[in-house]
Q: 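I am attaching a structure below and will ask some questions about it afterwards.
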Protein chains: 2
Amino acid sequence: MGGPRFEPVRTVRAYERIVEQIEEAVEGGALPPGARLPSERDLMAQFGVSRSTVREALRVLQARGLVRSRPGDPNGAEVLPFSPAALHKSMTTLARVDELSLGELVQFRMVLDASANLLAARLRTEAELAEMDAAIGRMREAVETGYDAFSAADVAFHDAVARASRNKLIQICTDVVRSIVLGLIAGKIAGSDDREALMRQSIRHHEEVLAAVRAGDGPLAARLSRRTMYDYYVGYVPAGERAALRALLE
Amino acid sequence: MGGPRFEPVRTVRAYERIVEQIEEAVEGGALPPGARLPSERDLMAQFGVSRSTVREALRVLQARGLVRSRPGDPNGAEVLPFSPAALHKSMTTLARVDELSLGELVQFRMVLDASANLLAARLRTEAELAEMDAAIGRMREAVETGYDAFSAADVAFHDAVARASRNKLIQICTDVVRSIVLGLIAGKIAGSDDREALMRQSIRHHEEVLAAVRAGDGPLAARLSRRTMYDYYVGYVPAGERAALRALLE
DNA sequence: GTAGCCTACTGGTCAGACCAGTGCACTAGC
DNA sequence: GCTAGTGCACTGGTCTGACCAGTAGGCTAC
């Protein structure tokens with residue numbers, strides 16, 4: 001107390017400094033998506049390090065989804081537009097290390113989707129309503145076509161709702177969590193033989209949700225969307241976790 | 001149509017194969033947290049590649065938060081318990097690159113916090129209620145102590161609620177988004193001179209939320225928590241984005 | 001028995017090399 | 001003149017071999 005405040009020194013690796021600098025340039029807009037980094041040999045000269053060090057930095061940046069490099073490309077690494085791939089990757093890891101249960105994921109989807117519907121009911125345009133309507137139409141056709149087409153149309157509906165919420169974070173998280181959930185239950189889907197009944201019920205539910213969104217009744221749309229998702233996924237969720245899902249159905 | 005189905009070959013880099021293998025071992029539980037990887041020179045022999053290739057793979061794994069290596073450690077890289085650090089990093093990048101607006105972030109916090117409260121109202125234990133109570137107590141004391149202590153106590157309250165929701169995804173996302181929001185408004189806080197009034201109002205609001213959680217009234221707790229966060233942050237949000245926030249207040 | 005040194009490792013970095021692939025300028029043929 | 005084809009210069013991916021600073025643990029001297 002009172003003396004000079006020392007803080008522990010952290011030895012910072014050379015490649016980390018390079019990552020920081022390039023990251024800052026990308027996030028600050030100095031390197032917009034589509035821009036090219038200098039070649040590794042140029043970077044090596046600019047940063048005054050060896051090529052291995054430059055490459056380790058580039059590997060980190062690539063793992064974070066900021067750049068991509070192709071062998072032989074005379075232009076150097078390309079700065080990528082942001083994609084949720086890295087987000088997706090780390091969330092998938094989280095789910096695979098078994099820290100996340102299917103119940104938690106479905107619950108999170110219910111939360112996100114309900115919020116998206118709540119916002120969409122207030123902010124949606126006519127074009128977006130038409131898009132949702134079209135998606136439900138494709139769901140109807142897909143009852144005969146098969147599960148894959150049905151699932152794709154279902155995804156399209158929820159995507160349209162998420163976009164109508166005007167919140168990019170909701171859109172991205174919805175997308176990421178959904179694909180993880182679908183991946184987890186992918187094997188189990190073929191097993192259920194009352195699949196057609198489930199699809200028909202789901203279509204009915206989606207129609208009700210859409211009606212609420214169209215009417216501008218956010219709370220109703222949110223409540224219905226939670227119910228829709230619950231009914232659709234509850235069969236895959238272990239019995240012990242279902243109570244937590246029902247807690248969202250008020 | 002009808003001929004043999006060829007799929008495009010993707011040249012896969014050597015280091016990617018290494019990443020895959022180690023990643024699989026970690027996620028599959030063969031390498032539990034705390035376990036040590038062989039040394040780089042051993043890995044180089046096991047995978048039949050050069051050390052640079054091994055190192056690039058380790059850099060990627062490190063960027064994903066799966067392992068950590070210390071120079072001089074005779075035991076090789078350490079397998080880490082999962083931490084949301086990577087998730088945090090990619091979401092922060094998203095906020096910075098994709099220009100997530102403060103409004104969107106606050107809106108997302110409102111959604112998460114409301115859901116956490118909804119669930120907590122049903123699932124909370126007495127111990128968790130006591131924890132929330134203690135946090136509010138520290139907020140009261142901090143009105144005099146200063147903003148930092150107040151903010152820390154506020155964080156503790158919301159963390160306790162998130163934990164009580166029993167949903168790790170909600171906890172992690174809450175944590176990540178909150179730290180981004182706090183980072184964005186960090187500079188602006190000192191400016192407001194009616195800070196004390198804002199703190200006192202916030203304490204009152206938190207007390208109401210806690211009462212609802214204690215009473216088991218989830219919908220009420222959710223509604224109040226949205227209002228609490230709205231009132232606390234609306235001053236930092238550009239006027240044009242406030243309408244979207246109000247859309248959540250039903 | 002313990003304090004301190006020594007050694008055999010570790011990861012971080014460097015230098016220099018080779019290879020397969022790419023884009024572009026140049027050239028041969030029309 | 002224009003196009004098709006060919007080199008060439010350069011890229012990233014990988015390898016080899018080396019040096020350094022740091023660490024842990026055994027060994028030695030007290």
Side-chain angles (χ1 to χ4, degrees), chain A residues 6-23 25-26 31 33-80 85, chain B residues 6-23 25-26 31 33-80 85:
Chain A
F6 294 123
E7 55 184 32
V9 288
R10 194 176 55 96
T11 60
V12 58
R13 279 86 175 207
Y15 77 87
E16 284 182 327
R17 307 292 297 266
I18 298 179
V19 168
E20 276 172 29
Q21 287 194 47
I22 298 184
E23 204 167 40
V26 170
L31 286 171
R36 298 309 188 107
L37 257 49
S39 75
E40 294 180 0
R41 288 163 178 88
D42 279 353
L43 288 173
M44 157 178 126
Q46 287 187 38
F47 287 110
V49 296
S50 76
R51 196 161 151 232
S52 353
T53 304
V54 167
R55 283 181 60 76
E56 291 188 22
L58 289 178
R59 284 285 88 82
V60 174
L61 291 168
Q62 187 168 324
R64 294 200 183 142
L66 287 179
V67 306
R68 178 186 50 182
S69 43
R70 265 179 328 136
D73 188 336
N75 288 323
E78 181 185 359
V79 177
L80 295 176
Chain B
F6 296 123
E7 55 184 30
V9 288
R10 193 176 55 97
T11 60
V12 59
R13 280 86 176 210
Y15 77 88
E16 283 182 325
R17 307 293 296 265
I18 299 178
V19 168
E20 277 173 28
Q21 287 194 47
I22 298 183
E23 204 168 41
V26 171
L31 286 171
R36 298 308 188 108
L37 257 49
S39 75
E40 294 180 358
R41 288 165 178 87
D42 279 354
L43 288 173
M44 157 178 127
Q46 288 186 38
F47 287 110
V49 297
S50 75
R51 191 147 89 99
S52 359
T53 304
V54 168
R55 284 181 59 75
E56 291 189 22
L58 289 179
R59 282 287 90 81
V60 173
L61 290 169
Q62 187 167 324
R64 293 200 183 144
L66 288 178
V67 305
R68 178 187 48 184
S69 43
R70 257 178 337 132
D73 188 337
N75 289 321
E78 181 185 1
V79 177
L80 295 176

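Every chain is numbered from 1 and lettered A, B, ... according to where its sequence line falls, protein lines coming before strand lines.
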Q: Starting at CD of B/Glu40 and ending at P of D/dG22, how long is that distance when rounded to a whole Å?
A: 17 Å
Q: For A/Arg59, report the nucleic acid contact type (base, sugar-phosphate, nothing); a contact means any heavy atom under 4.0 Å.
A: sugar-phosphate
Q: Whole angstrom is fine here: how far is it from CZ in B/Arg36 over to C1' in C/dT10?
A: 11 Å
Q: Would you mind reading off the distance between A/Asp73 atom CG and C/dA20 atom P, rounded to a whole angstrom?
A: 19 Å
Q: Nearest to the side chain of B/Arg41 - D/dT11, D/dT14, C/dG11?
A: C/dG11
Q: Any donor-acceptor pair under 3.5 Å joining the side chain of B/Arg51 to the base of C/dT13?
A: yes
Q: Less than 4.5 Å apart, any side-chain heavy atom of B/Asp42 and any of B/Phe47?
A: no
Q: Rounding to an integer number of Å, can you tell me how far A/Met44 CE sits from D/dT11 C1'?
A: 13 Å
Q: Just compare C/dG11, C/dT22, D/dG13 and give me whichever is closest to any side-chain atom of B/Arg13.
A: D/dG13
Q: Consider the side chain of A/Thr53, meaning its heavy atoms from C-beta on, and name the nucleotide among D/dC15, C/dC14, D/dC19 that approaches it most closely.
A: C/dC14
Q: How long is the line joining CG of A/Leu43 and C1' of D/dT11, in whole Å?
A: 12 Å
Q: Quick one: A/Asn75 CG to D/dA9 C1', roughly how many Å, whole number?
A: 13 Å
Q: Between B/Glu16 and B/Arg13, is there a donor-acceptor pair closer than 3.5 Å when you use the side chain of the first and the backbone of the second?
A: yes
Q: Measure from the side chain of A/Val49, starting at C-beta and using heavy atoms only, and say which of D/dG12, C/dC14, C/dG11 lies closest.
A: C/dC14
Q: Expressed in angstrom and rounded to an integer, what is the separation of A/Leu58 atom CG from D/dT11 atom C1'?
A: 13 Å
Q: Could you work out which one of D/dG12, D/dC15, C/dC14 sits closest to the side chain of A/Ser69?
A: D/dG12
Q: Mapping B/Pro71 and A/Pro74 to their closest nucleotides on DNA chain C, which lands nearer the 5' end?
A: B/Pro71
Q: Among B/Val79, B/Asp73, B/Leu31, B/Val67, which residue satisfies the side-chain contact (heavy atoms from CB on, under 4.5 Å) criterion with B/Arg36?
A: B/Asp73
Q: Determine whether A/Val54 and A/Val49 make a side-chain contact, defined as any pair of heavy atoms from C-beta on separated by less than 4.5 Å.
A: yes
Q: If I take atom CZ in residue B/Arg55 and atom C1' in nucleotide D/dG13, what distance separates them, rounded to the nearest angstrom?
A: 16 Å
Q: Mind checking A/Ser52 for me? I need base, sugar-phosphate or nothing, with any heavy atom below 4.0 Å counting as a touch.
A: base
Q: Determine whether a donor-acceptor pair (N or O, by modelled atom type, separation under 3.5 Å) exists between the side chain of A/Arg59 and the backbone of B/Glu56.
A: no
Q: Measure from the side chain of B/Arg70, starting at C-beta and using heavy atoms only, and say which of C/dT13, D/dT23, C/dT10 lies closest.
A: D/dT23
